Amino acid sequence: MTDKLVDAFTRALLDVDRLAAKQIVQNRGHDTSPVKFAEDVVLPALERIGAGWQAGTLALSQVYMAGRICEDLIDQILPPEDPDRKNQPKMAICILSDHHKLGKIMVCSLLRASGFDLADYGVMEVDDLVEQVQKDNIDILLISVLMLPSALKIKTVKQKLAHLGCDVKLIVGGAPFRFDDRLWKTVGADAMCRDASDAVSVIENMMKGMV
Ligand code: B12
């Protein structure tokens, strides 16, 4: 069933048919949460399209339009903030040095909907990020990257924060970490999540170690 949905959704994205894509999202059924739909259908469809671009069968413009359509749809379906905030460490999320936004949007929205309060720094470069984290006294920093060069910059973030004496836990996610499951250790992160839903349990475990 999911395979058929992924096929249909991929087709709609490649045809730049926003209405068809929206209809698939709207017809997803009440027992499928927006986040589950995004992870089971949107993510595989975009990965498929990305692989097509890499293999030379699809144009970058198709990847671009697919990304834009998904960005709009995900914005519309993700759950709102939970007013009952959890008692928790100070947290922030950012995209480091690239412009792939969807993963960060999903993680941010899921965490807020699960009752976590976190600052959204948007797209940051290393030095600005380090300065902001120190200024805000952040305990847990979540970083999303979709390109390997951006992932490798996380090591510098970690080193600069350590140099300033900031004891910040780093949670990372995004395509490079899905491709290489040892990369998160190489860049000095404290944890890696394969998808947005992992983030809640990883943060809860980290909080246990902090008290
Ligand atoms: C859509 C897309 C684009 C769109 C982005 C649109 C947008 N507004 O976001 C556009 C067309 C703009 C684009 C541009 C480029 N792209 Co691109 N893109 C993709 C593609 C196909 C899908 C990415 C995506 O949105 N996936 C859906 C989201 C929801 O998934 P996700 O980000 O992985 O997030 C999930 C998890 O990873 C996790 N997660 C993510 N971050 C975090 C963080 C934390 C803390 C946690 C807990 C979890 C978590 O949770 C999310 C939900 O479960 C990928 C292919 C792929 N396999 O990922 C290539 C890909 C990322 N792109 C790639 C490249 C090379 C580029 C370009 C350089 C192309 C070019 N030559 O110009 C540019 C660079 C732009 C830039 N400076 O950033 C490469 C990167 C290769 C590498 N190893 O470095 C990829 C992997 C394609 C490939 N196979 O080669 N891209």
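Quick caveat: nothing in here was measured; it's all calculated off a predicted structure. Whatever order the structure lists them in is the order used to number ligands and atoms, beginning at 1. As a basis for the values below, the full set of heavy atoms in this structure was taken, side chains included, without hydrogen atoms, waters or symmetry mates.
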Among all protein heavy atoms, pick the one closest to atom 56 (C) of ligand 1 and tell me residue, atom and distance. Glu47 CG, 4.1 Å
Lys101 N/O to ligand 1 N/O under 3.5 Å: yes
When you compare ligand 1 with Leu60, is there at least one nitrogen or oxygen pair between them that comes in under 3.5 angstrom? no
Audit row: His100, Ile95, side-chain contact (heavy atoms from CB on, under 4.5 Å) steps and yes/no: CA-CA 8 Å; His100 293 88; Ile95 300 168; 5.9 Å; no
Identify the closest protein heavy atom to atom 19 (C) of ligand 1: which residue and atom is it, and at what distance? His100 CD2, 3.7 Å
Would you check if the side chain of Thr186 reaches a backbone N or O of Arg182 as a donor-acceptor pair within less than 3.5 Å? yes
State plainly whether the residues Lys160 and Asp127 are in salt-bridge range, i.e. N to O under 4.0 Å. yes
For atom 58 (O) of ligand 1, which of Pro44, Ala66, Ala175, Gly173 has the closest heavy atom? Ala175
Test your reading of the structure: does Pro149 have an N or O sitting under 3.5 Å from an N or O of ligand 1? no
For atom 67 (C) of ligand 1, closest protein heavy-atom neighbour: Met147 SD, 4.3 Å
Counting heavy atoms under 4.0 Å, the part of Ile143 that contacts ligand 1 is backbone
Counting only heavy atoms, which portion of Trp53 has something under 4.0 Å from ligand 1: side chain, backbone, both, or neither? side chain
Contact (N/O only, under 3.5 Å) between Gln54 and ligand 1: yes
Show, in sequence, the C-alpha distance, side-chain angles and deciding distance for Lys104 and Asp98, and conclude whether the salt bridge (charged side-chain N to carboxylate O under 4.0 Å, His left out) test is met. CA-CA 11 Å; Lys104 194 261 315 168; Asp98 71 58; over 6 Å; no
Between Lys135 and Asp128, is there a side-chain N and carboxylate O pair less than 4.0 Å apart? no
Lys155 and Leu152, any side-chain heavy atoms less than 4.5 Å apart: no
Atom 32 (O) of ligand 1 has as its nearest protein heavy atom Leu146 CD2, 3.3 Å
Going by an N to O cut-off under 4.0 Å, is there a salt bridge joining Arg194 and Asp181? no
Protein contact to atom 25 (O) of ligand 1 [nearest heavy atom, distance to 0.1 Å]: Leu102 CD1, 3.3 Å
Asp195-ligand 1 polar pair, N/O distance under 3.5 Å: no
Check each heavy atom of Arg68 against ligand 1 and say whether those closer than 4.0 Å belong to the side chain, the backbone, both or neither. neither
Steps toward side-chain hydrogen bond (donor to acceptor under 3.5 Å, both in side chains) verdict (Thr2, Asp40): CA-CA 7 Å; Thr2 312; Asp40 291 353; 5.5 Å; no
Does the distance from a Lys or Arg side-chain N to an Asp or Glu carboxylate O, for Arg11 and Asp7, drop under 4.0 Å? no
Glu71 N/O to ligand 1 N/O under 3.5 Å: yes
The protein heavy atom nearest to atom 39 (N) of ligand 1 is Gly174 N, 3.7 Å
So does Arg18 pair up with Asp72, basic N to acidic O under 4.0 Å? yes
Quick check: His99 and ligand 1, any N/O pair under 3.5 Å apart? yes
Can you confirm whether Ser97 sits close enough to Val126 that some side-chain heavy atom of one is under 4.5 Å from a side-chain heavy atom of the other? no
Looking at Ser150, Ser144, Gly103, the heavy atom closest to atom 41 (N) of ligand 1 belongs to Ser144
Give me the residue, atom name and distance of the protein heavy atom closest to atom 50 (O) of ligand 1. Ala196 N, 3.2 Å
heavy-atom search around atom 46 (C) of ligand 1 in the protein gives Val107 CG2, 3.6 Å
Do you see a protein non-hydrogen atom under 4.0 Å from atom 36 (C) of ligand 1? yes
Protein non-hydrogen atoms only, distance under 4.0 Å: does atom 79 (C) of ligand 1 have such a neighbour? no
Any heavy-atom pair between the side chains of Val107 and Ser144 that's under 4.5 Å? no
